[in-house]
Visitor: 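Have a look at this one.
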Amino acid sequence: MTTQAWNVQEAVDGCARAGIPWIGLWRHKVQEMGVEKSARMVRDAGLQVSGLCRGGMFPAGTKAERDKRIDDNRRAIDEAATIGTDVLVLVCGPAENCTLEDARQMVEEGVAALIPYAQARGVKLGIEPLHPMFAADRSVVSTLGQANDIVYRLQSEQVGVVIDIYHVWWDPKLYEEINRSAGHIIGFHVNDWLFPVKDAMMSRGMMGDGCVENARIRRAVEAAGYHGPVEVEIFNRTIWDTPYDEVLTQMKERFETEV
């Protein structure tokens, strides 16, 4: 999404030119290109897929709608397996025609319902907590602590957490919860928090342009045992309007100096 206007082929080619060996893919981009075709593009370029975003969106006011969303998540698991990643990122969903408490229970029940299918397909389910300002429209899982609680209650190797710096940097219990995540961190996203916030979704910045201690958080995540790929995920109109080869060059430079 850092190169939002590129399709899968363009993003794959851009990563290959920049010497970036991993790519994080989003379902709508993969579906536009075709799942099998996207998988072939990634393989042909010699890249690996760090994760597929997104599944989730579990809460709903009726059982029929919740079941429909579980079915869509099974399709997302199939897509993840086809494109060659073992991580499906879950943006868990807001309270929709239900209370916050019920919505959070629906999230946990939804993840639990997917475990057997995910296990059969060799895909892990990564609960990504989102900043509380997204609770109304994107996720009732707002802290790493809440995500960890679900993981510990479900007790499945198929379920872990995805830590996105933009969403968790502010949490006074962040480092405690990163330590508690040891053994089940399955994704890590870096960016920065720009201020003042003018748009909740679009106020992410390039690492080093905001107030986040990227390197400190990265060290904590590694100390908790995560040594997998690190995704740079930036929603920012200025960056999206910049030539993307320039964005990738700057991204690599900032990754070295700031992360």
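It should be emphasised that the depicted structure is a prediction, and the values quoted were computed from it without experimental measurement.
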Visitor: Could you tell me whether Arg121 and Asp78 have a side-chain N and a carboxylate O separated by less than 4.0 Å?
Guide: yes
Visitor: Among Trp169, Trp170, Tyr166, find the one that has a ring pair (Phe, Tyr, Trp, His ring centres under 6.0 Å) with His131.
Guide: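 Among the candidates, only Trp170 passes.
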Visitor: Quick one: do the Asn148 and Glu177 side chains pair a donor with an acceptor below 3.5 Å?
Guide: yes
Visitor: Lys29 side chain to Trp6 main-chain N or O, any donor-acceptor pair under 3.5 Å?
Guide: yes
Visitor: Set out, in order, the CA-CA distance, both residues' side-chain angles and the distance that settles side-chain hydrogen bond (donor to acceptor under 3.5 Å, both in side chains) for Glu109 and Gln105, then state yes or no.
Guide: CA-CA 6 Å; Glu109 291 172 355; Gln105 184 61 36; 3.3 Å; yes
Visitor: Is it the case that more than 12 heavy atoms not belonging to Gln155 sit under 6.0 Å from its CD atom?
Guide: yes
Visitor: Does Lys68 use its side chain to pair, donor to acceptor, with the backbone of Lys63 at less than 3.5 Å?
Guide: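 Here the side-chain-to-backbone pair does not exist.
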Visitor: May I ask you to check whether His167 and Trp193 place their ring centres under 6.0 Å from each other?
Guide: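 That pair fails the under 6.0 Å test.
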Visitor: With sequence neighbours excluded, tell me which residues meet side chain to side chain contact (heavy atoms under 4.5 Å, CB included) with Ala182.
Guide: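 Checked Ala182 against side chain to side chain contact (heavy atoms under 4.5 Å, CB included); matches are Ala224.
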Visitor: So is Arg218 actually on top of Phe255's ring, under 6.0 Å and inside 45° of the axis?
Guide: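 So Arg218 doesn't make the cation-pi contact.
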Visitor: In sequence, state the C-alpha distance, the side-chain angles, and the governing distance for Asn73 and Tyr117, and then conclude on side-chain hydrogen bond (donor to acceptor under 3.5 Å, both in side chains).
Guide: CA-CA 10 Å; Asn73 275 277; Tyr117 196 80; over 6 Å; no
Visitor: For Gly205, is there any backbone N or O sitting under 3.5 Å from a side-chain donor or acceptor partner on Asn236?
Guide: no
Visitor: Salt bridge check, Asp209 against Arg254: does any charged N sit closer than 4.0 Å to a carboxylate O?
Guide: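 Judged by the 4.0 Å cut-off on N to carboxylate O distance, Arg254 and Asp209 do form a salt bridge.
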